[in-house]
Amino acid sequence: MSTAVSQPPLLRVEGLTKRFPGVLALDGVDFELRAGEVHAVVGENGAGKSTLVKVLAGSFRPDRGRLFLEGREVVIRGPHHASVLGIRVVFQELSLVPQLSVVENLFLGREVARSGLLRKGIMLRRAVEALSLVGAALDPHAPVRELRPAQRYLVEIAKATLADVRVLILDEPTASLTAEEATRLFELCRTLQQSGVAILYVTHRLEELFAVATRVTVLRDGRHIVTLPIADVDQRRLITYMTGREFREIFPPLEAPRPAVRLRVRDLTVGGRLQATSFDLRAGEILGVGGLIGSGKSDLGRALFGLEPEAAGTVALDGAPSDAHRLDPRRLLRQGVMYFPPDRRKEALVLCRSVAENVTLAALARFERLGLLRKKEERRAVHGLVGRLRIRVPGTSVRVQVLSGGNQQKVMLARGLVRDVRVFICDEPTQGIDVGAKVDVYRFIRDLAAQGASVILISSDTAEILHLCHRVLILYRGIPMGILAGEELTEENVVRNYFGARLAEVAHA
């Protein structure tokens with residue numbers, strides 16, 4: 001990595017400017033990428049990341065600015081020309097053809113032939129080499145439609161590195177990967193880095209940067225804010241650069257919870273995935289639930305909303321106890337409990353319907369009279385929530401599927417403000433959204449607690465667990481490790497309990 005930093009830039013842009021009608025997407029951006037480095041680019045939605053990537057990929061022509069490749073000025077005439085120059089992009093939306101085999105996808109548009117006949121043996125051998133380089137143990141003859149998302153992503157990277165590649169651009173590369181698959185991707189990045197490939201890494205997930213990046217560049221409102229070695233920055237500083245707000249503004253002090261116990265959970269279990277877990281949740285309290293993948297934290301959230309038939313134990317809402325296996329989502333909704341699942345697109349939103357329809361989906365009775373929906377009142381209520389949650393949308397009649405991830409998340413959260421809700425169960429409420437949208441979600445959660453609602457925040461984000469919660473319940477392989485609060489609620493204690501350190505200490509004693 002230090003060698004890469006000392007080298008002259010492989011790719012450099014000067015004064016890059018790109019306008020769209022009514023929008024200055026890039027405003028005189030300077031940027032450079034060195035051979036053998038992983039250079040992360042971060043920023044909120046609208047910061048200019050995607051526009052920068054598309055300019056480098058040849059999809060957009062800049063209005064102003066110069067681009068240099070290995071010290072020589074070039075004008076990228078289109079995506080094919082960028083590929084010829086050795087600049088390849090792996091977008092979040094993959095370009096593979098599901099019906100074709102892996103080897104056919106790898107050579108699509110650049111087949112090896114002689115006298116009009118395909119040289120299948122050569123293509124197969126080169127495909128196996130490319131797949132081996134990216135660590136994909138796949139059958140090259142397998143149809144792409146039969147592969148898992150992570151395998152398809154590796155095929156896309158193999159396709160990008162099949163011919164001579166100098167610059168590899170990865171756009172939100174871990175969006176569809178598990179933590180284990182993401183770790184393997186980081187290892188692949190290091191392998192490519194050692195071979196001299198320059199990698200431009202675009203992501204919303206700040207925690208990833210410290211595992212893979214050499215340097216990081218922050219864009220905000222189309223402008224270059226700062227470029228720093230990753231060793232010289234932390235998440236707090238990055239968030240400040242990206243939002244223009246200090247960390248204490250993003251996580252201001254919380255109001256104290258109220259003494260009344262809103263939810264009392266005793267010996268809650270879910271099959272073999274969650275062992276006897278007990279806690280009290282007070283009015284106005286934000287209780288964090290943290291743990292690694294497989295810790296049981298999502299099982300806890302689902303069980304509390306009656307979505308786990310294997311659940312056992314007792315759950316008392318405002319003093320009225322119920323057996324966990326008899327909890328019913330419809331009844332809980334009527335009693336003032338709202339659950340937000342981690343996968344908004346598959347489990348929460350109806351993407352083909354409008355913003356208004358999605359927001360009021362769980363509260364249609366409020367807008368009904370004599371069997372008819374009062375559309376005007378519905379629109380008025382939704383319009384108010386759009387402003388309150390800062391949902392960027394041209395109108396409440398637009399379909400949810402065209403919105404950004406952050407705005408889709410806010411539409412889902414707005415659903416909880418249409419009804420009288422007293423307990424909010426939020427599972428990964430900031431997953432897959434940019435920092436600006438995260439800050440709005442944080443404000444939403446704090447406001448709920450300040451108004452007396454009780455919030456269970458299930459999160460993999462350590463910053464959220466540490467700074468957005470009054471207390472934190474840590475789970476390790478389904479085992480409750482205890483609740484951290486006050487001076488005990490430190491990053492060191494949270495991480496130690498993520499890995500079962502307290503169990504190990506008890507066993508040792």
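Keep in mind the model is a prediction, meaning the values are calculated, not measured. All residue numbers in this chain count up from 1 along the given sequence.
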Trainee: For the pair Glu207 and Thr462, evaluate side chain to side chain donor-acceptor pair (under 3.5 Å) and give the outcome as yes or no after the intermediate values.
Mentor: CA-CA 9 Å; Glu207 66 276 6; Thr462 306; over 6 Å; no
Trainee: Can you run down the salt bridge (charged side-chain N to carboxylate O under 4.0 Å, His left out) pairs that involve residues 336-362, sequence neighbours left out, and say none if there aren't any?
Mentor: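 The answer is Arg302-Glu347, Arg353-Glu357.
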Trainee: Check the pair Gln408, Leu351 against side-chain contact (heavy atoms from CB on, under 4.5 Å), reporting the backbone distance first and the verdict last.
Mentor: CA-CA 9 Å; Gln408 288 181 355; Leu351 298 176; 4.2 Å; yes
Trainee: Has Gln451 got more than 12 heavy atoms of other residues, nucleotides or ligands less than 6.0 Å from its CD?
Mentor: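 Yes.
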Trainee: Any heavy-atom pair between the side chains of Arg446 and Pro252 that's under 4.5 Å?
Mentor: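 Touching, per the 4.5 Å side-chain cut-off.
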Trainee: Over 60° means perpendicular and under 30° means parallel, so tell me whether Phe424 and Phe340 are parallel, tilted or perpendicular.
Mentor: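 Judged by the thresholds at 30° and 60°, the geometry between Phe424 and Phe340 is parallel.
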Trainee: Decide yes or no for Ile445 and Leu413: does some side-chain heavy atom of the first lie under 4.5 Å from some side-chain heavy atom of the second?
Mentor: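 A side-chain contact under 4.5 Å is absent here.
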Trainee: How far does CD1 of Ile169 sit from CZ of Arg88, to the nearest 0.5 angstrom?
Mentor: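 One gets 11.0 Å once the value is rounded to the nearest 0.5 Å.
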Trainee: Could I get the full list of salt bridge (Lys or Arg N to Asp or Glu O under 4.0 Å) partners for Arg331, not counting sequence neighbours?
Mentor: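 Listed in chain order: nothing, the list is empty.
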Trainee: Is the CZ atom of Arg184 crowded by more than 12 outside heavy atoms at less than 6.0 Å?
Mentor: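 Atom CZ in Arg184 is crowded, with more than 12 foreign heavy atoms closer than 6.0 Å.
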Trainee: Between Phe279 and Val289, is there a side-chain heavy-atom distance shorter than 4.5 Å?
Mentor: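 No. Closest side-chain heavy atoms not under 4.5 Å.
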Trainee: Are there more than 12 heavy atoms of other residues, nucleotides or ligands under 6.0 Å from atom CZ of Arg399?
Mentor: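 Count not over threshold, so no.
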Trainee: Between Arg369 and Glu377, is the closest basic N to carboxylate O distance under 4.0 Å?
Mentor: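 Salt bridge absent between Glu377 and Arg369.
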Trainee: Between the side chains of Thr430 and Glu464, does any donor sit under 3.5 Å from an acceptor?
Mentor: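 Judged by distance alone, the side chains do pair up.
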Trainee: Can you check whether Arg215 reaches His39 side chain to side chain, under 4.5 Å on heavy atoms?
Mentor: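 With C-beta onward as the side chain, the pair touches.
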Trainee: Hey, does the Lys NZ or Arg CZ of Lys438 hover above the aromatic six-ring of Tyr442, less than 6.0 Å from the centre and inside 45° of the axis?
Mentor: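 The answer is no, since Lys438 fails at least one limit relative to Tyr442.
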Trainee: Any side-chain donor-acceptor pair under 3.5 Å between Ser460 and Glu428?
Mentor: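 Indeed, the side chains of Ser460 and Glu428 share at least one donor-acceptor pair under 3.5 Å.
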Trainee: What I want to find out is whether Asp440 reaches Arg390 closely enough, with some N-O distance under 4.0 Å, to be called a salt bridge.
Mentor: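 Arg390 and Asp440: salt-bridged.
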Trainee: Check Asp447 with Arg388, please: is the shortest side-chain N to carboxylate O separation under 4.0 Å?
Mentor: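 A salt bridge is absent here (no side-chain N lies under 4.0 Å from a carboxylate O).
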Trainee: Parallel, tilted or perpendicular: which describes the rings of His467 and Phe247, with under 30° parallel and over 60° perpendicular?
Mentor: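 Rings of His467 and Phe247: perpendicular, as their planes differ by over 60°.
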Trainee: Do Leu26 and Thr17 come within less than 4.5 Å of each other through their side chains, counting heavy atoms only?
Mentor: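 They are not in contact (no side-chain heavy atoms under 4.5 Å apart), so the answer is no.
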Trainee: Just so I know, are the side chains of Leu219 and Val41 near enough to count as touching, which here means a heavy-atom distance under 4.5 Å?
Mentor: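 Yes, side chains in contact.
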Trainee: For residues Ile157 and Leu185, determine if any side-chain heavy atom of one lies less than 4.5 Å from a side-chain heavy atom of the other.
Mentor: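 Result yes, sub-4.5 Å side-chain heavy-atom pair found.
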